[in-house]
Chemist: 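A single structure is presented below for examination.
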Amino acid sequence: MNLLAQDQSSKRKHLPIEIMYFGGVQFNHAGNLNSVLKDSGAGQVPLFGWNAGLGTAYRINKMLIGVNFSLSTNGKKNNSLNTGDFTIYIASNAIRTGNLVFSPQLGLGAQSSTFIIEKQNMNRTFQDFLTNQSNETKLEHTAAIVDISVALKTTNKDRTLFSPECRVGYKSSISANEWKVTNATVTNAPKDRLGSFYLQLAWGIGR
C-alpha cells in the first residue's frame, strides 16, 4: 500500500507540460529576391544564420499541443536578414527506443522578416542623403508559414530535470508573398516563398 501511494504521489507531481529552450543554425532561401539583387549588384540574402527561441506544450498522453517562438539573425557582408516567427504545433512522443524519443512535429504560424541592404562607396553631398539618395534600403516580408520538424529527445524518470535534445526541420511561407520597401510604395516587387532549413540543440523539461 505504501509503494502504491508513493507511485500515485509521484505521478501527481508531474504537470503535463513540456518546456524547451533551443538555439542553432539556419539556412535561408529567397530565390526571386536573390535574382533581383544579383542583377542589381546588391549582393544576396544571407544564406547562413543563427536562431534561438523557446517553446511550451501541453501533453495529452503521448500527443503534444504547443507553441514556439523564435528569432533568427543572418548577415553577409553589408546585407542582413532578421526574422521572427510564432507557430502553434502538434507533435507525438509515441516513437520511443530506450531513453530516446523521436518526436515528429507539424506547426502553422506567422513570420515577419526584415532585410537590410547597405550600399557602399557612395559619394554624395550631405543634402542628397536627406532627399533623394539613401545608403540603406529596408525590405519587409510577412507570411503565414508551415513548419515541419523532427525532434530527438532524451527522457528520464524525474521529469523535473532538463534533458538535451536536438531538432531538425524546414519552415516555409505557405504562399509566395511580395517583398515591400519600408515607408515606400513600389511596383514590380519580387515575390518569394521564403524558406529556411534549421538544425537546433535544445534543453527540455517535462516529457
Chemist: Counting only N and O atoms by type, is there a donor-acceptor contact under 3.5 Å from the side chain of Asn68 to the main-chain atoms of Thr87?
Modeler: no
Chemist: If you define the side chain from C-beta out and look only at heavy atoms, does anything of Thr56 sit under 4.5 Å from Val67?
Modeler: yes
Chemist: Does Arg193 use its side chain to pair, donor to acceptor, with the backbone of Ile174 at less than 3.5 Å?
Modeler: yes
Chemist: For the residue pair Tyr198 and Tyr170, establish whether any side-chain heavy-atom pair is separated by less than 4.5 Å.
Modeler: no
Chemist: Side-chain heavy atoms nearer than 4.5 Å, only ILVMFWY residues, links allowed to pass through others: does that put Val186 and Ile116 together?
Modeler: no
Chemist: Looking at every non-hydrogen atom in both residues, tell me the closest pair between Phe22 and Phe69 and how far apart they are.
Modeler: CZ-O, 3.9 Å
Chemist: Is there a side-chain contact between Lys171 and Ser70, using heavy atoms and a 4.5 Å cut-off?
Modeler: yes
Chemist: Nearest 0.5 Å, please: how far is CG in Asp147 from OG in Ser196?
Modeler: 8.0 Å
Chemist: Can you measure from CG (Leu81) to CD1 (Ile117) and round to the nearest 0.5 angstrom?
Modeler: 11.0 Å
Chemist: Measuring from atom CG of Asn51 to atom CG of Leu71, what distance do you get when rounded to the nearest 0.5 angstrom?
Modeler: 9.0 Å
Chemist: Do Ile17 and Tyr21 sit in the same hydrophobic cluster, where Ile, Leu, Val, Met, Phe, Trp and Tyr count as joined when their side-chain heavy atoms come under 4.5 Å apart?
Modeler: yes
Chemist: Would you say the side-chain atoms of His141 pair up with the backbone N or O of Leu194, donor to acceptor, closer than 3.5 Å?
Modeler: no
Chemist: Distance check, rounded to the nearest 0.5 Å: Ile65 atom CD1 versus Glu18 atom CD?
Modeler: 12.5 Å
Chemist: Any chain of hydrophobic side-chain contacts (each under 4.5 Å) joining Ile19 to Met63?
Modeler: no
Chemist: Decide yes or no for Thr154 and Leu100: does some side-chain heavy atom of the first lie under 4.5 Å from some side-chain heavy atom of the second?
Modeler: yes
Chemist: On a heavy-atom basis, which atom in Ala143 and which in Ser173 lie closest, and how many Å separate them?
Modeler: CB-OG, 3.6 Å
Chemist: Kindly give the heavy-atom pair with the smallest separation between Ser103 and Ala91, and that separation in Å.
Modeler: OG-CB, 3.8 Å
Chemist: Begin with the C-alpha distance, continue with both residues' side-chain angles, and end with the deciding distance and a verdict on side chain to side chain contact (heavy atoms under 4.5 Å, CB included) for Phe102 and Thr97.
Modeler: CA-CA 8 Å; Phe102 294 87; Thr97 174; 3.7 Å; yes
Chemist: Please find the pair of heavy atoms, one from Gly43 and one from Leu37, that lie closest to each other, and give the distance.
Modeler: O-CB, 3.3 Å
Chemist: So does Pro46 get a backbone contact from the side chain of Asn79, meaning a donor-acceptor N/O pair under 3.5 Å?
Modeler: no
Chemist: Within the structure provided, determine whether Met20 and Lys153 are in side-chain contact (heavy-atom separation under 4.5 Å).
Modeler: no
Chemist: Which atom pair, heavy atoms only, marks the closest approach of Ser80 to Phe115?
Modeler: O-CD1, 3.1 Å
Chemist: For Gln44, is there any backbone N or O sitting under 3.5 Å from a side-chain donor or acceptor partner on Asn34?
Modeler: no
Chemist: Are the side chains of Leu106 and Tyr89 in touch, meaning some heavy atoms are under 4.5 Å apart?
Modeler: no
Chemist: Can you find a heavy atom in the side chain of Val25 that is under 4.5 Å from one in the side chain of Trp50?
Modeler: yes
Chemist: Answer yes or no: are there more than 12 heavy-atom neighbours, outside Asp39 itself, under 6.0 Å from its atom CG?
Modeler: yes
Chemist: Could you grab the distance from atom NE2 of His29 to atom CG of Leu47, nearest 0.5 Å is fine?
Modeler: 10.5 Å
Chemist: Hey, any chance Leu152 and Leu201 share a hydrophobic cluster, counting ILVMFWY side chains that come within less than 4.5 Å of each other, even indirectly?
Modeler: no
Chemist: Roughly how far, to the nearest 0.5 Å, is CG of Asn82 from CD of Glu140?
Modeler: 12.0 Å
Chemist: Under a single-linkage definition using a 4.5 Å side-chain heavy-atom cutoff for Ile, Leu, Val, Met, Phe, Trp and Tyr, are Phe197 and Phe48 assigned to the same hydrophobic cluster?
Modeler: yes
Chemist: Can you name the nearest heavy-atom pair linking Asp192 to Leu33, along with the distance?
Modeler: OD2-N, 2.9 Å
